Protein chains: 2
Amino acid sequence: MARERKISLNELFAQTKQLLLEHGYEGFTFGLLAERLGVARSAIYKYFENKEELITTYMVNEMEEVFIKLEHIHVYPTFDEQFRFLLDFILYHNDLHEMISIGKRIPENHPKVQENKQRLAQFHKRMYEELEHLIKRGKQEGKIKPHLPNQVILGYIFQSVSVPHFPGISLAEWVESIREIIMYGVMNRN
Amino acid sequence: MARERKISLNELFAQTKQLLLEHGYEGFTFGLLAERLGVARSAIYKYFENKEELITTYMVNEMEEVFIKLEHIHVYPTFDEQFRFLLDFILYHNDLHEMISIGKRIPENHPKVQENKQRLAQFHKRMYEELEHLIKRGKQEGKIKPHLPNQVILGYIFQSVSVPHFPGISLAEWVESIREIIMYGVMNRN
DNA sequence: ATTTAAAGTGACAAGTTTGTCACTTTTGTT
DNA sequence: AACAAAAGTGACAAACTTGTCACTTTAAAT
């Protein structure tokens, strides 16, 4: 009954991500996106009413994938393994953080956008609870300093993804250094 | 010879900062700025040719002030005091980092913009050298772990300003927690 | 009081982005 | 072969942003 699609949703989401990282939320336009997809601008309106709806839909999509991957944390039984998994996870998903901060800019024009933003908030909450649970376990097992507020620890770990990494240092060395700093800090023990 | 100014440069820079943090680089317009200043849009063109020039000029200005404050690090003789000063400094200037990343987006349309960006880059470099010197000193005095790359340590410290701080935790507690994490990490010693 | 020049205004043209709509293309179903 | 319906196109009007320019306002200098 229908004609074959020229626009693949996957491709659309991929280019959306690209453009958001390059131009930021306010610099993102349907014109740019259409050009990248090799399609008329008006075609995109067949799928999304406006850029807010498109971007939030993309984000929900991305969040779902990320969340599924994060759930793999439960294949590891011990705290130490889970903590290591978590750090790797966060460090190798370093655009996630940028996307979250872009998400906060989006105004809630339409009901659909509002719904998407709610779903995003839920994901964020579940993710946060998941991680807080790990922090609590670490404290119970006497591995994490009990006096540091959970929120600060989590915020701190999340923020680490944005530490720039320069050429001249390999990705692996970078990850290992960041891990050590998070766990034991930059100072020598004396 | 001249009429009294309606636009104060200080006010203009303050509103520029506000708007940049709210709307991002691409969402910043002369129209918005003029509205906030209670002035005709065209008046701003008497001072700046376009938004790139305005924004980079503001940034150079801000950078100069910040740099002067940072120089106060030299009133402290010991490494420990300087390191503490540095962390306080960075943590209490937490929008600095956001502004720097906005700065990177700005295209170099005009020669003046190019010049401003060069000056910004110089400030950045001097600041970086200043801090790297401190890190090196820390390593020489056996206080900082020698195997961590300087760049990663610096990037890490700079990044810390962006750790969100939630209501429910006082600013002082937040600063103290971040300081401890940077220095000694989140893990207990065993 | 007159002049001068910086400060600010309002209107215009050019360019971009947005949303919509009638129209064409394509493909599976009858 | 005819049709139904989803997919895509191009053109249009409305809105906004940008840069410019002739013009007015204001305050200090002569």
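Just so we're clear, the structure is a prediction, and the values are computed from it rather than from any experiment. A, B, ... follow the sequence lines: proteins, then strands. Residue 1 opens every chain. These values consider heavy atoms only, across backbone and side chains, with no hydrogens, waters or symmetry-generated copies.
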side-chain N/O B:Arg5 vs C:dA7 OP1/OP2, d < 4.0 Å: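 It does, given that an N or O in the side chain of B:Arg5 lies less than 4.0 Å from OP1 or OP2 of C:dA7.
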Short side-chain N/O contact to D:dT9 OP1/OP2 from A:Lys6, under 4.0 Å: yes
Could you tell me the separation between the [atom1] atom of [X] and the [atom2] atom of [N], rounded to a whole number of Å?
X        : N      : atom1 : atom2 : result
A:Arg3   : D:dG8  : CZ    : C1'   : 5 Å
A:Asn109 : D:dA15 : CG    : P     : 16 Å
B:Ile44  : C:dG10 : CD1   : P     : 14 Å
A:Glu26  : D:dT17 : CD    : P     : 12 Å

Ring centre gap for A:Phe48 and A:Phe30 strictly below 6.0 Å: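 No, the ring centres sit 6.0 Å or more apart.
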Mutual orientation of the aromatic rings belonging to B:His124 and B:Phe158 [parallel < 30°, tilted 30-60°, perpendicular > 60°]: parallel
Between the main-chain N or O of [Y] and the side-chain N or O of [X], is there a donor-acceptor pair closer than 3.5 Å?
X        : Y        : result
A:Lys69  : A:Phe89  : no
B:Asn188 : A:Gly142 : yes
A:Lys6   : A:Val39  : no

Minimum-distance nucleotide (side-chain atoms of A:Ala43 versus D:dT9, D:dA27, C:dT27): D:dT9
Aromatic B:Tyr184 / basic B:Arg189 pairing, under 6.0 angstrom, 45° off normal: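 B:Arg189 over B:Tyr184 ring: yes.
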Protein-nucleotides 18-23 of chain C N/O pairs closer than 3.5 Å?
| residue | atom | partner | partner atom | Å |
| --- | --- | --- | --- | --- |
| C:dT18 | OP2 | A:Phe30 | N | 3.4 |
| C:dG19 | OP2 | A:Tyr45 | OH | 3.3 |
| C:dG19 | N7 | A:Arg41 | NH1 | 3.0 |
| C:dG19 | O6 | A:Arg41 | NH2 | 2.6 |

Contacts of type ring pair (Phe, Tyr, Trp, His ring centres under 6.0 Å), residue B:Phe85, not counting sequence neighbours: B:Tyr76
Touch class at under 4.0 angstrom, heavy-atom based, for A:Phe48 against every strand present: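 The answer is nothing, as A:Phe48 stays clear of every strand by at least 4.0 Å.
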Closest contact, heavy atoms only, B:Ile182 versus B:Leu87: CD1-CD2, 3.9 Å
Positions of residues 11-24 of chain B (non-hydrogen atom under 4.0 Å from DNA chain D), listed by number: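 DNA chain D contact set from residues 11-24 of chain B: none.
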Residue pair A:Gln82 / A:His74, side-chain donor-acceptor N/O under 3.5 Å: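 Looking only at side-chain atoms, A:His74 and A:Gln82 do not form any donor-acceptor pair under 3.5 Å.
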